[in-house]
Protein chains: 2
Amino acid sequence: MTGAKNSGAKIPGAEILVRTLVANGVDTCFANPGTSELHALAAFDSMPGARCVPTLFEGVATGAADGYARMTDRPAATLLHLGPGLANGLANLHNARRACVPMVNIVGDHATWHRGVDAPLTSDVEGLAKPMSAWVRTVPDAASVAADTAEAIRAALTPPCGVSTLILPSDSSWDDTAAAEPIIVEPPAPAAPDADALRAAADALRSGERVVVLLNGRATRTEGLALAGRIAAATGAKLYAHTGATRIERGAGRVTVERFPYPIDLGIAALAGAKHVVLIGSGEPVGFFGYPDKPSRLAPEDCRIHTVAPPGADALAALRWLAEAVGCAGTPVPAQPLAPPEPATGALTADSVGQSLAALLPEGAIVVDEGISSSPMVYTACAGARAHDWLTITGGAIGIGMPLALGAAIACPDRKVVTVQADGSGMYTLQALWSQARERADVVTIIFANRRYGILQWELGNLGFRDMGPNARNCTELGRPDLDWVALARGMGVEGGQATDAESFNRLLTAAFARKGPFLIEAVI
Amino acid sequence: MTGAKNSGAKIPGAEILVRTLVANGVDTCFANPGTSELHALAAFDSMPGARCVPTLFEGVATGAADGYARMTDRPAATLLHLGPGLANGLANLHNARRACVPMVNIVGDHATWHRGVDAPLTSDVEGLAKPMSAWVRTVPDAASVAADTAEAIRAALTPPCGVSTLILPSDSSWDDTAAAEPIIVEPPAPAAPDADALRAAADALRSGERVVVLLNGRATRTEGLALAGRIAAATGAKLYAHTGATRIERGAGRVTVERFPYPIDLGIAALAGAKHVVLIGSGEPVGFFGYPDKPSRLAPEDCRIHTVAPPGADALAALRWLAEAVGCAGTPVPAQPLAPPEPATGALTADSVGQSLAALLPEGAIVVDEGISSSPMVYTACAGARAHDWLTITGGAIGIGMPLALGAAIACPDRKVVTVQADGSGMYTLQALWSQARERADVVTIIFANRRYGILQWELGNLGFRDMGPNARNCTELGRPDLDWVALARGMGVEGGQATDAESFNRLLTAAFARKGPFLIEAVI
């Protein structure tokens with residue numbers, strides 16, 4: 001693309017933005033630009049190897065950048081349009097913040113000299129960004145683009161990693177600058193584990209008292225789980241992954257770990273009798289929501305919390321030290337044997353979908369789980385499947401599933417991605433299907449079509465409500481009319497089919513796994 | 001619905017919330033609740049006449065509340081889930097803020113005693129709300145619900161009207177309170193116009209110099225336009241409605257007014273030679289965006305700006321005073337004669353869609369215009385159509401069209417609503433179609449399927465970019481694959497058809513106008 005403003009040795013700020021990104025390995029941008037970002041967009045065409053993935057809604061862009069980062073441990077960029085465009089991306093930035101993934105979230109703004117006239121699209125972009133960002137800066141001028149972009153990347157990669165929001169006024173994009181040399185970033189290493197907490201945790205693990213170990217971050221990857229599995233095998237400790245763990249490597253050859261339960265009563269029960277909770281890459285166990293007459297902190301009052309490696313500290317170092325300290329050098333890794341079930345037959349339920357998925361899941365698949373009320377059954381069923389990665393909703397902001405799958409597929413084009421998607425949550429960011437079609441992303445989307453916000457109906461019961469009135473029914477049922485997900489997918493260029501029993505589901509899933517590219521299965525459960 | 005916590009003379013905070021809303025005429029709630037809002041949701045079933053309209057995405061709820069307010073001049077409520085749910089609604093709150101419409105935006109939050117444990121869905125809700133709200137308050141406890149809800153309503157209705165965000169921690173909902181008497185609100189009247197500015201504007205109008213009058217708010221309704229039209233006829237002043245006017249009453253019997261042009265060069269040309277700009281219900285004319293080497297303020301340097309009635313002041317009083325002052329008592333209202341064209345024939349274009357719509361538009365229709373690059377042609381074509389209201393995108397945050405239409409249809413069930421919808425913008429909040437189907441909203445949606453972000457391709461040219469590279473092309477073209485809007489509509493239970501020439505468009509539009517309920521026409525232009 002030929003810019004209107006490019007002369008001599010100086011280059012426009014937008015070009016040094018893209019040069020700096022690419023020089024630091026940030027070569028993929030999930031984009032939904034508007035007028036104020038057109039110079040930045042054009043600059044992506046000035047730099048070989050820089051790729052913009054178009055999205056039709058900003059929540060798709062931010063969710064995809066999260067998925068990309070979970071699978072590569074590197075940031076993607078986004079390109080969003082002013083305050084409202086950022087706002088549309090915030091819910092999935094919230095999830096990314098909870099996932100502790102790196103992201104360079106680039107938001108255009110009006111030219112600095114245009115802000116004062118309060119044009120229709122003017123808003124407080126920094127104010128909107130702060131709640132969901134680890135780092136926020138407005139670039140003051142073109143001369144600052146190189147340094148500020150480098151700082152954004154550095155902040156995003158600083159453990160525990162996070163969302164850097166770089167606000168780029170359009171004159172910073174189009175003005176020329178001589179500060180045109182990209183700065184290469186050296187992000188800091190993770191902090192060392194807490195030595196006192198490690199010693200106390202080792203004592204606890206050797207004490208014979210009940211110990212629960214809660215894992216997230218690097219601790220739920222293959223190496224971390226192997227260490228944790230040996231520690232648990234040697235000491236009798238109980239392992240859980242965080243309810244919203246960022247990425248769990250599981251299936252055959254890995255150490256199987258339960259996720260800490262979402263329902264508050266099950267969470268309290270999971271910790272009953274525990275004298276110690278050891279946190280490795282995770283925060284302490286708390287209620288997902290507050291409930292009348294239930295606690296916020298779920299561990300018993302007499303239970304000690306050992307924060308050996310909070311998010312941002314070196315979880316693997318902590319696990320290695322603990323494995324050494326508890327003397328489990330000779331303990332073998334309790335690896336999961338390959339044990340895929342037969343595909344299910346008969347009625348289609350969350351359980352039978354899980355069984356068939358476990359049977360047919362290809363080696364190295366990435367499962368993206370926004371199954372919500374159907375999620376636990378599928379997670380459990382897939383324990384003995386071929387080796388796979390499991391990505392889930394980290395921050396509770398629904399509408400992450402299909403965007404996350406898009407980003408994972410862009411990050412790992414040689415791996416099959418499977419989205420386990422609740423119908424209600426799926427409607428928040430269904431536009432992701434179009435980007436999957438445009439990019440020929442290798443994603444199979446399984447919609448759990450239970451025609452309701454199942455989790456809300458469950459929570460109504462949990463809260464003691466007995467009979468639903470018309471308003472409560474209207475707001476928790478998804479029927480009248482039913483959503484037709486096969487039509488929705490076709491509307492965005494994604495082929496699909498509806499399954500109403502296990503046999504038709506198995507046929508569709510087998511066909512979807514045998515081909516490349518996006519496909520959607522509406523599983524009516 | 002039977003609550004778990006209701007005993008004696010005290011009632012739960014959630015019930016006094018709904019009682020206060022309904023007692024003040026806020027009986028309609030566009031809702032997308034989650035767990036932390038279930039007590040509030042249930043309370044809507046405790047109050048006869050309170051109605052929750054379910055939405056599948058929060059931007060639909062906030063956009064619909066805007067449409068409802070534009071047609072009733074009363075606030076609707078929303079019910080949104082925590083920070084991420086609010087975030088999803090912010091883009092259309094931005095538009096509502098620019099529209100100066102009243103809204104009671106209710107956002108649930110964690111129980112006050114649960115916030116400190118940083119549960120996954122915890123975020124800075126007030127921080128997110130402030131940029132897009134005129135008033136924000138977190139209810140501290142159940143005893144404060146009655147007063148805080150009343151204050152939210154009062155703030156929303158205080159001229160120039162705005163978005164009140166009432167943050168409701170779930171313990172404020174479920175705890176019982178004796179403060180159970182609803183408070184009735186008396187909102188203040190609009191401020192009087194500025195007397196000095198009025199006198200100066202009257203002098204300007206009588207001076208023979210070129211005067212441009214920019215109108216918004218009450219000034220673009222029937223009575224205001226009649227006054228403005230007589231003033232213009234008597235003095236030669238040029239009238240414009242604001243580019244993003246909140247609601248324009250137009251068509252046969254009303255005074256036709258152009259909208260101030262969006263393209264910056266046309267805006268500058270519209271003010272060329274003007275010695276005075278008179279603002280009635282509108283801010284001053286500024287560039288929608290800043291552009292290199294173009295001004296922010298569009299009026300000539302020697303032009304005086306007369307702010308006789310800023311948003312929030314009494315625009316009708318200003319117009320009456322000016323009409324008197326310029327002595328146009330005998331000037332007749334230059335009312336638009338009924339002059340619908342014949343339906344178009346031949347190729348389908350934005351112009352021919354506009355012509356056919358003007359020909360067939362039923363009396364009293366509400367046209368919701370998010371046509372973006374196709375909007376000016378349709379607006380112009382409909383000038384001589386039967387009397388209708390025109391609602392458009394006020395703040396430039398795309399994704400308002402179909403939600404706005406939902407709200408207008410709920411507000412005015414006896415009037416036909418027509419959405420003129422660009423395809424790119426429509427994808428942001430397409431979930432509105434499902435709510436239209438659920439509510440049997442009488443809305444005809446016309447999708448301008450030009451398969452591109454036409455406005456961005458135009459702006460690229462405007463900014464001097466000549467050849468698009470692959471990234472710019474990928475991010476401004478909507479094809480590969482084409483969206484199939486008829487399938488998308490069917491997926492959400494809305495019937496539709498595709499038109500590829502004027503004749504097929506006319507047939508579909510005639511059929512759609514002859515029936516009640518939602519229908520979608522994909523106009524391939």
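Protein chains get the first letters and strands the later ones, always in sequence-line order, with residue 1 at the start of each.
The parts of A:Trp113 that come within reach of chain B are both its backbone and its side chain, each placing non-hydrogen atoms under 4.5 angstrom from that chain. With a 4.5 angstrom heavy-atom cutoff, A:Thr55 touches chain B only via backbone atoms. Neither the backbone nor the side chain of A:Asn462 comes within contact range of chain B; no heavy atoms are under 4.5 Å apart. Looking at A:Ile455, neither its backbone nor its side chain comes within 4.5 Å of chain B, counting heavy atoms on both sides. Proximity to chain B (any heavy atom under 4.5 Å) is shown, for A:Thr122, by both the backbone and the side chain.
Per-residue counts of heavy-atom pairs under 4.5 Å with chain B were compared for A:Val53, A:Leu478, A:Asp171, A:Leu79; the largest is that of A:Leu478. Here A:Leu430 is the residue among A:Val60, A:Leu430, A:Asp482 with the most heavy-atom pairs under 4.5 Å with chain B. Among B:Asn474, B:Val494, B:Asp124, the residue making the largest number of heavy-atom pairs under 4.5 Å with chain A is B:Asn474. Among A:Ala91, A:Ser296, A:Gly34, the residue with the largest count of heavy-atom pairs under 4.5 Å with chain B is A:Ser296. No other option in A:Pro295, A:Ala129, A:Ala119 has as many heavy-atom pairs under 4.5 Å with chain B as A:Ala119. In terms of non-hydrogen atom pairs under 4.5 Å with chain A, the most contact-rich of B:Gly399, B:Pro481, B:Pro54 is B:Pro481. Interface check for chain A: of the options B:Ala489, B:Gly116, B:Pro470, the most heavy-atom pairs under 4.5 Å are formed by B:Pro470. Comparing B:Ala87, B:Gly127, B:Gly395, B:Ala50 by how many heavy-atom pairs each has under 4.5 Å with chain A, the most go to B:Gly395. Note: A:Leu128 leads A:Leu86, A:Thr394, A:Leu128 in heavy-atom pairs under 4.5 Å with chain B. Between chain B and the options A:Ala397, A:Cys475, A:Ala111, A:Pro169, heavy-atom pairs under 4.5 Å are most frequent for A:Cys475.
Rounded to the nearest 0.5 Å, atoms CG (B:Asp45) and CZ (A:Phe465) are 10.0 Å apart. Taken to the nearest 0.5 Å, the CG atom of B:Asn32 stands 7.0 Å off from the CD1 atom of A:Ile398. Within the model, atoms OG of B:Ser36 and CD of A:Glu459 stand 9.5 Å from one another, a figure rounded to the nearest 0.5 Å. In this structure, CG on B:Leu41 lies 8.5 Å from CG on A:Leu456, to the nearest 0.5 angstrom. Interatomic distance, A:Ser123 OG to B:Lys130 NZ, rounded to the nearest 0.5 Å: 15.5 Å.
The minimum heavy-atom distance between A:Trp434 and B:Gly479, with the atom names listed, is CZ2-O, 3.5 Å. Heavy atoms only, all atoms of each residue included: A:Trp174 and B:Gly290 are closest at CH2-O, 3.4 Å. Counting all heavy atoms, side chain and backbone alike, A:Tyr428 lies closest to B:Glu58 at CE2-OE1, 3.2 Å.
Remark: B:Arg97 engages no residue in a salt bridge (Lys or Arg N to Asp or Glu O under 4.0 Å) (not counting sequence neighbours). Not counting sequence neighbours, the partners of B:Glu522 by the side chain to side chain donor-acceptor pair (under 3.5 Å) test are B:Arg451, B:Gln498.
Judged by distance alone, the side chain of A:Arg490 and the main-chain N or O of B:Gly491 form no donor-acceptor pair under 3.5 Å. A donor-acceptor pair is defined here as one N or O able to donate and one able to accept, closer than 3.5 Å; such a pair exists between the side chain of B:Gln431 and the backbone of A:Met427. Looking only at distances, a side-chain donor or acceptor of A:His114 sits under 3.5 Å from a matching main-chain atom of B:Gly287. Between the side chain of B:Arg480 and the main chain of A:Arg438, no donor-acceptor pair closer than 3.5 Å is present. Listed for the A:Asn471 side chain is no donor-acceptor partner under 3.5 Å among the backbone atoms of B:Arg51.
Within the 4.5 Å cutoff, side-chain heavy atoms of A:His94 are placed close to those of B:Leu121. The side-chain heavy atoms of A:His39 and B:Leu463, taken from C-beta on, include a pair separated by under 4.5 Å. Contact of the B:Pro84 side chain with the A:Leu90 side chain is not registered, since no non-hydrogen atoms from C-beta on lie closer than 4.5 Å. Here the side chains of A:Leu460 and B:Thr35 are not in contact, with every heavy-atom distance at 4.5 Å or above. Looking at A:Leu82 and B:Phe289, their side chains come closer than 4.5 Å, going by heavy atoms from C-beta outward. For the pair B:Val117 and A:Arg297, the minimum side-chain heavy-atom distance is below 4.5 Å. Contact check for B:Leu56 versus A:Tyr453: side-chain heavy atoms found under the 4.5 Å cut-off.
More than 12 heavy atoms of other residues, nucleotides or ligands lie within 6.0 Å of CD in B:Glu284, so this atom counts as buried by the packing criterion. The environment of CD in A:Glu495 is sparse: at most 12 heavy-atom neighbours from other residues, nucleotides or ligands sit within 6.0 Å.
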